[in-house]
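Here is the naming used below: chain letters follow the sequence lines, and residue numbers restart at 1 for every chain. Any value given below was found using the heavy atoms of this structure, including those in side chains, with hydrogens, waters and symmetry copies removed.
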Number of protein chains: 2
Amino acid sequence: MGTTQLDTVPEPKYWHLKTVLTDALDSEFAVGEILPNERELAARFGVARATLRQALEQLELEGRLQRRRGVGTTVAPPRMGVAVGDTEHSWPGAGPDAWLAVDCADAAPPAAVARLLDTVGGELVHTVRRTRRTHGQPVAAELLYVPTGSVPGLAALDAPSGAARARAVLRELQRLELDGQDQAVELGSARADDAKQLDRLPGAPVLVVTTRYFTAGRTGAVAVATYRADTCRLTFGDSGMQLLAG
Amino acid sequence: MGTTQLDTVPEPKYWHLKTVLTDALDSEFAVGEILPNERELAARFGVARATLRQALEQLELEGRLQRRRGVGTTVAPPRMGVAVGDTEHSWPGAGPDAWLAVDCADAAPPAAVARLLDTVGGELVHTVRRTRRTHGQPVAAELLYVPTGSVPGLAALDAPSGAARARAVLRELQRLELDGQDQAVELGSARADDAKQLDRLPGAPVLVVTTRYFTAGRTGAVAVATYRADTCRLTFGDSGMQLLAG
DNA sequence: TAGTGGTCTAGACCACCCC
DNA sequence: GGGTGGTCTAGACCACTAT
């Protein structure tokens with residue numbers, strides 16, 4: 001009969017839409033260009049808005065689109081390469097990183113962090129909050145957990161909290177010898193506080209990088225950094241693949 | 001008035017649902033346990049099924065739930081730690097990895113890969129497909145691109161394609177001296193072929209690990225491995241944080 | 001065949017940004 | 001105020017799995 005070769009795998013509409021849009025982005029749109037709004041796109045493709053949104057969501061997840069409420073949908077630039085694993089291990093805060101110490105408080109760490117530190121439950125640790133920016137855009141929000149035992153030199157006369165205290169903790173950390181470090185990457189969704197720092201809505205996909213810093217045979221500190229998954233490509237190793245460009 | 005302290009931030013329903021379900025998972029459910037089906041859960045919480053699904057999708061993204069069509073929704077075990085960055089750099093296929101060479105073909109690589117290799121566009125490369133399994137479950141699907149110039153010893157008398165050919169290419173690679181390697185991690189969604197190997201639906205979230213292998217001052221090979229983002233935590237560095245457990 | 005999650009629709013209203 | 005994306009509803013049908 002006159003049927004074409006299909007009927008075998010009824011590809012979901014949103015999946016087909018995604019490929020069509022991907023091709024269009026590659027050929028007909030420039031970075032930063034604004035797409036038609038969702039209602040018009042849905043009408044143009046003859047699908048419900050929810051279906052169109054399913055395709056847009058995947059494209060945003062893949063870093064091809066950027067959507068902002070009240071503004072519109074734009075074509076995203078290629079992901080930034082962000083160096084995460086230093087070949088020459090160093091304490092956080094060392095080197096010319098674009099990190100900004102925001103705040104510091106003494107509190108009991110979450111259970112998952114307490115397990116990585118060698119602390120018993122309930123013990124207080126210095127909790128330093130930092131932000132990382134690249135090319136003017138926020139890319140990461142980090143919480144650094146430092147057991148009080150790791151920085152005995154921290155004087156009581158230092159500021160009890162705030163950015164000054166955060167810098168004091170980092171300064172003390174860097175006096176220690178770093179034996180090595182350990183990292184893990186997993187997918188997560190941004191908590192409300194992190195989302196605010198990253199200029200995203202809560203629940204936005206993030207890459208969670210957990211780093212253990214070893215010193216004197218113990219775990220001297222643990223950092224939990226959440227990177228924007230839509231705009232970042234995390235690089236590890238000898239030379240950083242920053243050269244990969246559009 | 002008698003209003004409680006809210007009204008300031010009308011938290012979305014699905015977000016609130018997520019926290020409620022998270023707490024329930026922590027306290028009332030065991031790993032592997034089956035949740036009530038979506039229609040019943042939605043009725044129980046008094047929301048539309050689509051809203052309930054939005055919460056479930058996030059929990060699946062965070063590795064807390066596992067959903068299978070035709071079966072149901074179960075409580076997922078903690079993510080597996082999967083070693084990705086070796087301190088002692090080695091060619092793929094070396095060591096006691098749970099990798100399985102599946103196939104091999106000679107083809108022109110995608111543009112993004114051709115850019116990483118030093119090949120000109122259109123040049124053929126050996127393309128080896130491998131699968132990685134851990135604890136009996138598929139965790140990664142990899143495509144390894146090896147320029148023909150990297151493995152001149154590959155004899156014509158080797159099998160022209162198939163798993164045997166794949167193993168022959170890996171064997172030849174391991175004869176070369178490896179100067180170092182480079183890795184990048186980013187979020188992606190599974191293509192249809194990868195999804196099949198990973199036992200997931202197309203579009204499932206994956207962590208894409210791109211590795212460049214350097215030898216003799218050039219890029220000897222490039223590997224693009226897609227890891228299941230729901231079940232895997234990628235570990236890098238000195239000792240691998242495999243100890244992190246539930 | 002019965003039950004599950006996956007896809008899709010056609011609406012509605014809300015939060016946010018910019019003019 | 002007008003336009004954008006974000007949330008939510010109440011249905012329907014489909015694809016898959018197990019029995």
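By the side-chain hydrogen bond (donor to acceptor under 3.5 Å, both in side chains) test, B:Thr73 pairs with no residue at all, sequence neighbours left out. B:Ala195 is linked by a side chain to side chain contact (heavy atoms under 4.5 Å, CB included) to B:Ala190, B:Pro202, counting only residues two or more places apart in sequence or in another chain. Not counting sequence neighbours, B:Asp199 has no partner by the side-chain hydrogen bond (donor to acceptor under 3.5 Å, both in side chains) test. The side chain to side chain contact (heavy atoms under 4.5 Å, CB included) search around A:Arg39 returns A:Asn37, A:Arg49, not counting sequence neighbours. Residues satisfying the side-chain hydrogen bond (donor to acceptor under 3.5 Å, both in side chains) test with B:Glu33, not counting sequence neighbours, are none. For the side chain to side chain contact (heavy atoms under 4.5 Å, CB included) test, residues two or more places apart in sequence or in another chain that qualify with B:Asp26 are B:Thr22, B:Arg64. Partners of A:Val71 under the side chain to side chain contact (heavy atoms under 4.5 Å, CB included) rule, at least two apart in sequence or in another chain, are A:Arg68.
Within residues 42-55 of chain A, the residues that have a heavy atom under 4.0 Å from DNA chain D are, in order of number, A:Arg49, A:Arg53. Near DNA chain C, meaning a heavy atom under 4.0 Å away, the residues from residues 29-37 of chain B are B:Asn37. Contact check of residues 199-206 of chain A against DNA chain D (heavy atom, cut-off under 4.0 Å) returns A:Leu201.
Of the charged side-chain nitrogens involved, none lies within less than 4.0 Å of a carboxylate oxygen, so that A:Lys18 and A:Asp23 do not count as a salt-bridged pair. Of the charged side-chain nitrogens involved, at least one lies within less than 4.0 Å of a carboxylate oxygen, so that A:Arg53 and A:Glu38 count as a salt-bridged pair.
We find the NZ-CG distance between B:Lys13 and B:Leu52 to be 11.5 Å, quoted to the nearest 0.5 Å. To the nearest 0.5 Å, atom CG of residue A:Leu234 and atom CZ of residue B:Phe236 are 8.0 Å apart. Rounded to the nearest 0.5 angstrom, A:Tyr145 OH and A:Leu117 CG are separated by 9.5 Å.
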Is there a side-chain hydrogen bond (donor to acceptor under 3.5 Å, both in side chains) between B:Gln197 and B:Thr131 once you walk through the steps?
-> CA-CA 7 Å; B:Gln197 279 189 60; B:Thr131 296; 2.4 Å; yes
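Between the side chains of B:Gln183 and B:Thr211, at least one donor-acceptor pair of N or O atoms lies under 3.5 Å.
When DNA chain C is scanned in the 5' to 3' direction for atoms under 4.0 Å from non-hydrogen atoms of chain A, the outermost contacting nucleotides are C:dT7 to C:dC17.
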Using the 3.5 Å cut-off, write out each protein N or O paired with an N or O of nucleotides 14-19 of chain D and the distance between them.
none

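Results of the side-chain contact (heavy atoms from CB on, under 4.5 Å) test with A:Leu187 over B:Arg228, B:Arg233, B:Glu62, B:Arg79 single out B:Arg79 as the only residue that passes.
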